[in-house]
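No hydrogens, no waters, no symmetry mates; every other heavy atom, side chains included, goes into these values. Numbers for residues simply follow the sequence, beginning at 1. Start at 1 and go down the list; that is how both ligands and their atoms are numbered. No experiment lies behind these values; they were computed from the predicted model shown.
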Amino acid sequence: MTLVPRRRVRKVMHASRSRRTGFQCRSGDRLGMWSPSVPPPRYARGMDSRLFVGGEWIGAAGGPTVAIRDAATGEVIADVPHAGELLAREAVDAAARALPAWRATAAADRAALLQRAARALRESTPALAAVITAENGKPIAEAEAEVAYSAAYLDSAAEAVCKVAAEEIDSGSTGRSMRATGEPIGVVAAISPWNFPLAMIARKTAPALAAGCTQVIKPSEITPLSALAFAHVLQDAGLPAGVVNVVAGDAPAIGRAWLGDGRVRKLAFTGSTAVGKELMRLAADQVVRLSLELGGHAPLIVFEDADIPRAVAAALAGKFRCSGQTCICPNRFLVARSVHDEFVAQFVAGASALRVGRGSDGANRIGPLINDAAVEKVRRHIEDAVARGGRVLTGGSTIPVAGCLDRFFAPTVIDNANASMLCFNEETFGPVAPIATFDTEDEAIALANATEFGLAAYLFTRDPSRIARVSAQLEYGIVGANTCAVSDARAPFGGVKWSGFGREGGRWGLDEYLSWKYVCESRPT
Ligand code: SIN
């Protein structure tokens, strides 16, 4: 691929940025332009389709591009350069060059930059949400919530890094000093998905930058524009050249280039379990640290003592967020036989009332699925469920939306579900809620745990002792009790089993980017 030579693009602007910030600062310098009295720049550029490497914006310059389409209409909204191994390596070069100065900055200064970028994200919400809705299709209110969620990850990492201190270890009466110091792990990579095109990057970039790492990012090839907008926000907030680099394109080539390059010391990936396993194999050669947030298959248990209207409201919000395309969406509903009819009647009424249509219209709650393959998978799961005795109570097919693609799937509720169905064994990643019944608490727990996945699980009950007992037995990284709104930048997000390992958010997320050095000093007696 022929790319515009980096040195020529925005050279002047770049030079003036380094003078303004004086970023080659000694550790401990306070960077005046980040003071809270200076308003953060707002992102208002619309969509930038260039890639971002070494602080420069790189166009295709006649090389291959990928058309990015409006998820609702299929209309081309941008052409993004399709990078391969070469640019992937150049991104690592840039990140490696930027590392010594960035890791030498004071944690407080890195935190200040993140807070400044968080404010800029919040203040740019309409522009950024419009980009997210265009390329992903989700309702605009959800896109706005995603911007807020992303900003919260920046703030959370900024707060966490200020609390990381070197630790003195009690050495007893050995006469030695023992000390552990958290050091940035080095150049890190992030590969992120299309379902939260901004937040899944923010929660990888925030702790990486806070820790003093530099980063190369590959956003989903379907939704790179949010990532590029994020890079603008970071650059405008004063991030030095090369600290963050965004390369979209040939995913296998980029992944191989990064995992085969001994300078990349960690990869954070959110995506499918199949790809996660492949990345684990590739990471072995260079012993690259991984954090993997992979598929989910969340059970939602409604016990007989649940507050049913509350359970229904939470289940609707959790199930149909991003049209059912989140890793933590309830995928299997397990309802106590005695409250089944009451729960199902209310849930079906709620699901069928959700308005389906373009995400850009604020009245709509369900947008399009991401592509035709997603629509086909949802169809296949429904047909399989019906063939195995399931009853479709509402939905079951796509809904035509004027001027749009045939990707708007009606919220679907399937009763009489059972463990033989595809939807009870695979993540559907669509707006389908299969409901099965149970008779005892032990049966509900066994059904909930009968999966290779272990990301999120939900239970609804009025009994606090049951919350404690059941949560302890659920083999999941995240448990929501009487809520499905578990996502919070201050909490550890991640799974067990085939849902992966490693955590994002709060101090746990930061720890993934630190390497603890232990210094043991023998003192003269
Ligand atoms: C995901 O679907 O992977 C992330 C959802 C969230 O963070 O709430």
Side-chain angles (χ1 to χ4, degrees), residues 121 129 132 136-139 141-157 190-207 217 219-220 222-223 226-227 230 267-276 279 290-300 314-331 367 369-370 374 377 426-432 453-458 476-480 483-506 508-509 512:
L121 280 183
I132 294 172
N136 167 281
K138 68 177 63 178
E142 288 190 30
E144 287 168 0
E146 182 173 345
V147 178
Y149 189 36
S150 308
Y153 275 105
L154 300 186
D155 281 338
S156 161
I191 300 184
S192 64
W194 48 261
N195 61 343
F196 289 84
L198 184 64
M200 295 304 101
I201 289 175
R203 78 184 187 192
K204 293 169 177 55
T205 299
I217 300 172
S220 160
I222 307 175
T223 57
S226 306
F230 183 50
L267 168 70
F269 170 70
T270 299
S272 73
T273 297
V275 175
L279 291 171
L290 293 173
S291 47
L292 302 176
E293 196 240 289
L294 308 177
H297 192 32
L300 183 147
L316 288 168
K319 174 66 244 181
F320 297 111
R321 181 175 172 223
C322 196
S323 304
Q325 301 172 110
T326 89
C327 303
I328 57 170
C329 277
N331 212 52
L369 294 180
I370 195 68
K377 184 173 189 190
E426 284 177 19
E427 189 175 30
T428 305
F429 234 56
V432 180
F453 296 97
L455 186 56
Y458 307 95
Y476 289 84
I478 302 167
V479 175
T483 180
C484 290
V486 289
S487 305
D488 191 307
R490 294 163 295 192
F493 191 104
V496 298
K497 295 159 68 180
W498 282 19
S499 293
F501 49 81
R503 294 292 180 265
E504 294 183 312
W508 302 273
E512 302 279 338

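In this structure, S150 and F196 have side chains that are not in contact, with every pair of non-hydrogen atoms separated by 4.5 Å or more. Taking the side chain as every heavy atom from C-beta outward, L294 and W498 never approach each other to under 4.5 Å. In this structure, H297 and T428 have side chains that are not in contact, with every pair of non-hydrogen atoms separated by 4.5 Å or more. Taking the side chain as every heavy atom from C-beta outward, C327 and M200 never approach each other to under 4.5 Å. Annotation: side chain of Y149 is in contact with side chain of R203 (closest heavy-atom distance under 4.5 Å). Taking 4.5 Å as the limit, every side-chain heavy atom of Q325 sits out of range of all side-chain heavy atoms of C329.
Every N/O-N/O distance between Y153 and ligand 1 stays at or above 3.5 Å. Of the N or O atoms in E293, one or more lie within a sub-3.5 Å distance of an N or O in ligand 1.
No part of Q325 comes within 4.0 Å of ligand 1, judged by heavy-atom distances. For V486, no heavy-atom contact with ligand 1 is shorter than 4.0 Å. When heavy-atom distances to ligand 1 are checked against a 4.0 Å cut-off, R203 comes that close only through its side chain, counted from C-beta outward.
Residue S220 holds its OG atom at 9.5 Å from CG of N136, rounded to the nearest 0.5 Å. Atom CG in L292 sits 7.0 Å away from atom CG in L267 (nearest 0.5 Å).
Protein heavy atom closest to atom 7 (O) of ligand 1, with residue, atom name and distance, is Y149 OH, 2.7 Å. Among protein heavy atoms, the minimum distance from atom 5 (C) of ligand 1 is reached at F196 CE1, 3.7 Å. Residue, atom and distance of the protein heavy atom nearest to atom 8 (O) of ligand 1 are S487 OG, 2.4 Å. From the protein, the heavy atom lying nearest to atom 2 (O) of ligand 1 is C327 N, 2.7 Å.
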Are K204 and E504 close enough, and set up right, to give a salt bridge (charged side-chain N to carboxylate O under 4.0 Å, His left out), and what steps lead you there?
CA-CA 7 Å; K204 293 169 177 55; E504 294 183 312; 3.0 Å; yes
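Close approach of ligand 1 to I328 is summarised as follows: ligand atoms under 4.0 Å from at least one heavy atom of the residue are 8 (O). Each of the following atoms of ligand 1 lies closer than 4.0 Å to a heavy atom of R321: 6 (C), 8 (O). With ligand atoms numbered from 1 in the order given, ligand 1 contributes 2 (O) to contacts under 4.0 Å with heavy atoms of T326. Each of the atoms 4 (C), 5 (C), 6 (C), 7 (O) of ligand 1 lies under 4.0 Å from some heavy atom of F493. Near N195, meaning under 4.0 Å from one of its heavy atoms, ligand 1 places the atoms 1 (C), 2 (O).
Scanning both residues, F269 and G276, for their nearest heavy atoms gives CE2-N, 3.7 Å.
Ligand 1 has M200 within reach: a non-hydrogen atom of the residue lies less than 4.0 Å from it.
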